[in-house]
Amino acid sequence: MYHIKTWEDYLTAYEHSVAHPEAFWEEIATNFYWRKKWTLPLECNFEQPSIKWFVNGKLNIVENCIDRHLQHYAQQPAIIWEPNNPDDAHRVISYAQLHEAVSRFANVLKMHGVYKGDRVCLYMPMAPELAIAMLACARIGAVHSVVFGGFSAQALSERIQDAGCKVVVTTDSGLRGGREIPMKEIVDEAISNLDINHVIVYKRTGKPVLMKSGRDVWWHEAELHAQAVCDAEEMDAEDMLFVLYTSGSTGKPKGVVHTTGGYMVFTAYTFQNVFQYKPGDVYWCTADIGWITGHSYMLYGPLLNAATVLMFEGLPVWPHPDRCWRIIEKHKVNIFYTAPTAIRSLMAEGDEWIKPYSLESLRVIGSVGEPINHEAWEWFYQHVGKENCPLVDTWWQTETGGIMISPLAHITPLKPSYASLPLPGVQPVLLDPDGKLLTGADVEGLLCIRFPWPSMLRTTYGDHERCRQNYFATFAGMYFTGDGARRDQNGYYRIIGRVDDVINVSGHRIGTAEVEDAINEHENVVESAVVGYPHAIKGQGIYAYVICNHSPEDESLTRKEITDVVVRIIGPIAKPDKIQFVTGLPKTRSGKIMRRILRKIAEGETTHLGDISTLLDPSVVEDICKENKRMM
Ligand code: WTA
């Protein structure tokens, strides 16, 4: 693998990657097993966009994740699974066992009519079988679309339809802390009006579920008829590997599409270099596989490096807030990658929970998903890393496929709350709103990437124009991230946050428009406006301003009903934290809601609201402020 070992290596690699990007990536790509080598490293046009890496290269990513390692690492643990309940036994799955399980399930998929190019929806809790199902899809060239278990039946249904999935894989139920999530029941509701050929159900808890005859099959029963050998399908480098839905600023969630070759090269390279992974390390990423972090850094990136991945089914604070520290001690975790929300909630529980445990094995700690505030950074660095472990604050997105800006552990000098420097091969720039390039130090602007990288999104499923509009049309020749950032004198980047109408709640991306659409489904709601506001644990909370048809007789009852509607339509992750009933919303003369004002009020700022003279009816603002004060 391409290994950056020193600061000098980093500087040289970066320079080389800018001067000769194609040669740089080709050199990295040679470390993999290709059935047929590419004929051209890159073919790219940002206008359309049309992006192809390793053109005409043929490979299978699972051969690279598993088969390739069997010669030396067959008995090495690939996955260590720590169950929700600390008293239950953990499971260890070696590379040889993973190879067998994936091949067998790949055959189960084929027996149920799944072939190359077909989309399969996976709605599962954090069980090794989710990883196995994903790899089984990739082995036969089917496209996986994993939907996070926190989404409701309706949200799941939309995603199944959008991707045209004919097969769904799920479990009877899932466990998260003290709660049981009825996965199969949710799937049944989601597909009640859809034409789904098969639902394959893995028995995780033994919860009784209805099995529709002809359609539903048990995983363990189907496996009895499946062979443990399955040839990997030969895929083109640009064949679709997976779809993953994420929220944007407008309308319904979009299916971000990643392809095979470039995604493989980038996730493997970034995993190795950011975490400075060494053979034998135990690596733990706390993200759910249902998000991109789970795809890239729980599954593909680590397995491509023959790493041992710890997969945890439960919650960091259940049954007690020492669960993480217990797990680190028990499995001698060397690399611990988590999210600011988890860090803040663990910090709030106090240091006493850490003290009894030895965290000696830790060598690198990491954070992803939201800006990490100074206080959380320091706490994580001091109390968990014991000031010995570099904290890699990794910035990236579902769309980028892998880590773009981050320190390299033990190599890049750290600066708290800065994601620091781009990885070699990544060329970030800051622009002003007119698209002018901001050069020099201490500037703040819109974060864009100006040269393609192998794991960038290729399209949004079924709607290429939306991909163009969203990411490539704002500034010509650039990929626009939707984030704002600042750059200091040393070229270090600090990510400020989204500049569009996307809020980041506990690291989950939620489009304000989606929440508004859901709230508006309540029979008494005329209109609503949703904004984010600073939240001590979640990073951002959801604040909803709601206009009702007739003023609610019982405000708290209506609030609860509205919350229930959001949970039904999107899922518990999008529950509004605060709902304020208003009689009007601040709108410009052209009818556009001025969210800037609503954001300030949600933050508790009611005096310095900026220019409100362009509003159709400025008195609305006064009323909202008054009501806001009453609520506080
Ligand atoms: C935010 C998660 C600050 C950012 C991998 C981005 C971050 C969005 C960081 C993507 C970070 C991610 N510092 N902000 N280290 N990492 N973000 O698609 O706003 O779930 O655009 O991917 O999270 O979220 P997504």
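First listed ligand is number 1; within each ligand, the first listed atom is number 1.
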Trainee: Kindly indicate whether a cation-pi arrangement holds for Arg159 with Phe151, taking the cut-offs as under 6.0 Å to the six-membered ring centre and within 45° of the axis.
Mentor: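 Yes, Arg159 lies over the aromatic ring of Phe151.
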Trainee: Would you say ligand 1 has an N or O under 3.5 Å from any N or O of Asp483?
Mentor: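 Yes, Asp483 has an N/O under 3.5 Å of an N/O on ligand 1.
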Trainee: Just jot down the ligand 1 atoms closer than 4.0 angstrom to any heavy atom of Val368, in number order.
Mentor: 5 (C)
Trainee: For atom 20 (O) of ligand 1, tell me which residue out of His508, Arg509, Gln397 has the closest non-hydrogen atom.
Mentor: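 The residue whose heavy atom sits nearest atom 20 (O) of ligand 1 is Arg509.
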Trainee: Below 3.5 Å, N or O to N or O, backbone or side chain included: is there any such pair between Thr481 and ligand 1?
Mentor: no
Trainee: So is Gly482 in contact with ligand 1, going by heavy-atom distances below 4.0 Å?
Mentor: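 No, Gly482 has no heavy atoms under 4.0 Å from ligand 1.
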Trainee: So, is Gly369 polar-close to ligand 1, with some N/O to N/O distance under 3.5 Å?
Mentor: yes
Trainee: With a 4.0 Å cut-off on heavy atoms, does Trp396 reach ligand 1?
Mentor: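 So Trp396 counts as touching ligand 1.
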Trainee: Roughly how far, to the nearest 0.5 Å, is OG of Ser367 from CH2 of Trp395?
Mentor: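 It comes to 14.5 Å.
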Trainee: Kindly confirm or rule out an N or O of Ser367 lying under 3.5 angstrom from an N or O of ligand 1.
Mentor: no
Trainee: Do Thr246 and ligand 1 have an N or O pair less than 3.5 Å apart?
Mentor: no
Trainee: If we set the cut-off at 4.0 Å for heavy atoms, which region of Pro371 has an atom near ligand 1: side chain, backbone, both, or neither?
Mentor: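 Pro371 to ligand 1: contacts from backbone and side chain alike.
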